[in-house]
Amino acid sequence: MSAVMITRKVRKWEKLPGKNTFCCDGRVMMARQKGVFYLTLFLIVGTCSLFFAFECPYLAVHLSPSVPVFAIVLFFFVIAMLLRTSFSDPGVLPRALPEEATFIEMEIEAANGNVPAGQRPPPRIRNVQINNQIVKLKYCYTCKIFRPPRASHCSICDNCVDRFDHHCPWVGNCVGKRNYRYFYMFTLSLSLLTIYIFTFDIVHVVMRSVDKGFLNTLKETPGTYPFRLWPQKQLLCG
Amino acid sequence: MAETHSLQDMRQQAAVAAKVFLQRDYSNGTVCQFQSKFPSELETRIDKQQFEETMQTLNNLYAEAEKLGSQSYIEGCLACLTAYTVFLCMETHYEKVLKKIAKYIQEQNDKIYAPRGLLLTDPIERGLRVIEVTIFEDRSLTR
């Protein structure tokens, strides 16, 4: 006689040993420190809402209604790319299971031969020939694997990531093979959005100045002040 | 009380004798290919030709997944223009072929490898680094 046990299947993300946080039943994967990511979100949403609140009504009436429409489309595109980059898996390589780790250790020992006591063992490197070039695959002590070409270990997330670019705190995640395209589209579209808003800020101030004089314009448009500093911040981020 | 003798249950009950790891083959560049050299530990379990045929089919499937053709180009452009929302409705070509590979490995395991006490692990579970072949203890001698 056996008791019927309803055991819930353990998902892979629950067993991942790295320092990631998961949400929405494993659909969202981020690094642990998310503070700077919230700052990025606040800056983008904050400055764009100032633009929509203060500049767009004037520009829509005096210039063209397509100006705020395009700005809204671009804004949603930027937010979509940011969230996609932040929430997706950068290309984390699973760590070696115990049997594979043991097998690799035995291979390394066989390759190194006997090291006399007192001497440091040689670094664990596997040479592989790719297209007539010798590529050195390094051994990762944490993940216990030989990293494929262009993979690297992120110490913040404690994972080996395939085609690792960098860990971006602004985005709150690593940038690697699987989310590089979203990161690239994010930085590209954000630059476009910055230039677009900055241009129309200038256009707005100029148009008002023509009507009422420059000093009066500055008094009437407090919404433009953040935009003086914003392009510098974007350049820093990129 | 219904008793199910699924292959999975039988595998979990069988003891693992050894594991063989087939590494990546980088001789054609960084394209995903695995070494199809027949490992010596499998000599007693399966014949060489059958194994090499499995490996060759797998390598061909991976080559097909990474193939850059007009279809993948159109897919990429469409995805970029729609802010990748198009992937809520359809799968990428790569994902479709990965599913095909998973099905092929499952089928090969059921038909050829499980009756011989072997199990192929889908390399995607290991980050496309190795193909793990688990060799189970040969029970037929103890019956």
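Per chain, numbering begins at 1; letters A, B, ... match sequence-line order.
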So with a 6.0 Å cut-off around [atom1] of [X], is the heavy-atom count from everything else above 12?
| X | atom1 | value |
| --- | --- | --- |
| K19(B) | NZ | yes |
| Q33(A) | CD | no |
| Y141(A) | OH | yes |
| K34(A) | NZ | yes |
| Q49(B) | CD | no |
| R150(A) | CZ | no |
| R124(A) | CZ | yes |
| Q133(A) | CD | no |

(message) Please report the interatomic distance CD(E100(A)) to CD(E132(B)), rounded to the nearest 0.5 Å.
(response)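 If we round to the nearest 0.5 Å, E100(A):CD and E132(B):CD are 6.5 Å apart.
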
(request) Look up atom CD1 in I104(A) and atom CZ in F21(B), then write down how far apart they are to the nearest 0.5 Å. (result)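 The CD1 atom of I104(A) sits 7.5 Å away from the CZ atom of F21(B).
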
(message) Which one wins on heavy-atom pair count under 4.5 Å against chain B: L93(A), N132(A), I145(A)?
(response)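 Answer, by heavy-atom pair count under 4.5 Å with chain B: I145(A).
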
(message) I'd like to know which of L97(A), D162(A), V92(A) tops the heavy-atom pair count under 4.5 Å against chain B.
(response)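 Looking at each option in turn, the highest pair count goes to L97(A).
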
Below 4.5 Å from any heavy atom of chain B, which atoms of [X] appear? Answer side chain, backbone, both or neither.
| X | result |
| --- | --- |
| E99(A) | both |
| R84(A) | side chain |
| R126(A) | side chain |
| F76(A) | neither |

(request) Locate the shortest heavy-atom distance separating N28(B) from N131(A); write the atom from each residue and the value. (result)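 Minimum heavy-atom contact is C-OD1, 4.2 Å.
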
(message) Can you tell me which portion of E125(B) sits under 4.5 Å from chain A's heavy atoms? Options are side chain, backbone, both or neither.
(response) both

(message) Going by the rule side-chain contact (heavy atoms from CB on, under 4.5 Å), which residues pair with K15(A) if we only count those two or more places apart in sequence or in a different chain?
(response)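 By the side-chain contact (heavy atoms from CB on, under 4.5 Å) rule, K15(A) matches V10(A).
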
(request) Answer whether the closest heavy-atom distance between the side chains of P148(A) and R129(B) falls below 4.5 Å. (result) yes

(request) Could you list the residues that satisfy side-chain hydrogen bond (donor to acceptor under 3.5 Å, both in side chains) with H153(A), not counting sequence neighbours? (result)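 For H153(A) the side-chain hydrogen bond (donor to acceptor under 3.5 Å, both in side chains) partners, ignoring immediate neighbours, are D158(A).
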
(request) With chain A as the partner chain, list the residues of residues 79-87 of chain B whose heavy atoms fall under 4.5 Å from it, by residue number, and write 'none' if nothing qualifies. (result)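 Hits under 4.5 Å: C80(B), A83(B), Y84(B).
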
(request) May I have all residue pairs that pass salt bridge (charged side-chain N to carboxylate O under 4.0 Å, His left out) and include part of residues 90-103 of chain B, sequence neighbours excluded? (result)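 For residues 90-103 of chain B: E64(B)-K100(B), E91(B)-K99(B).
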
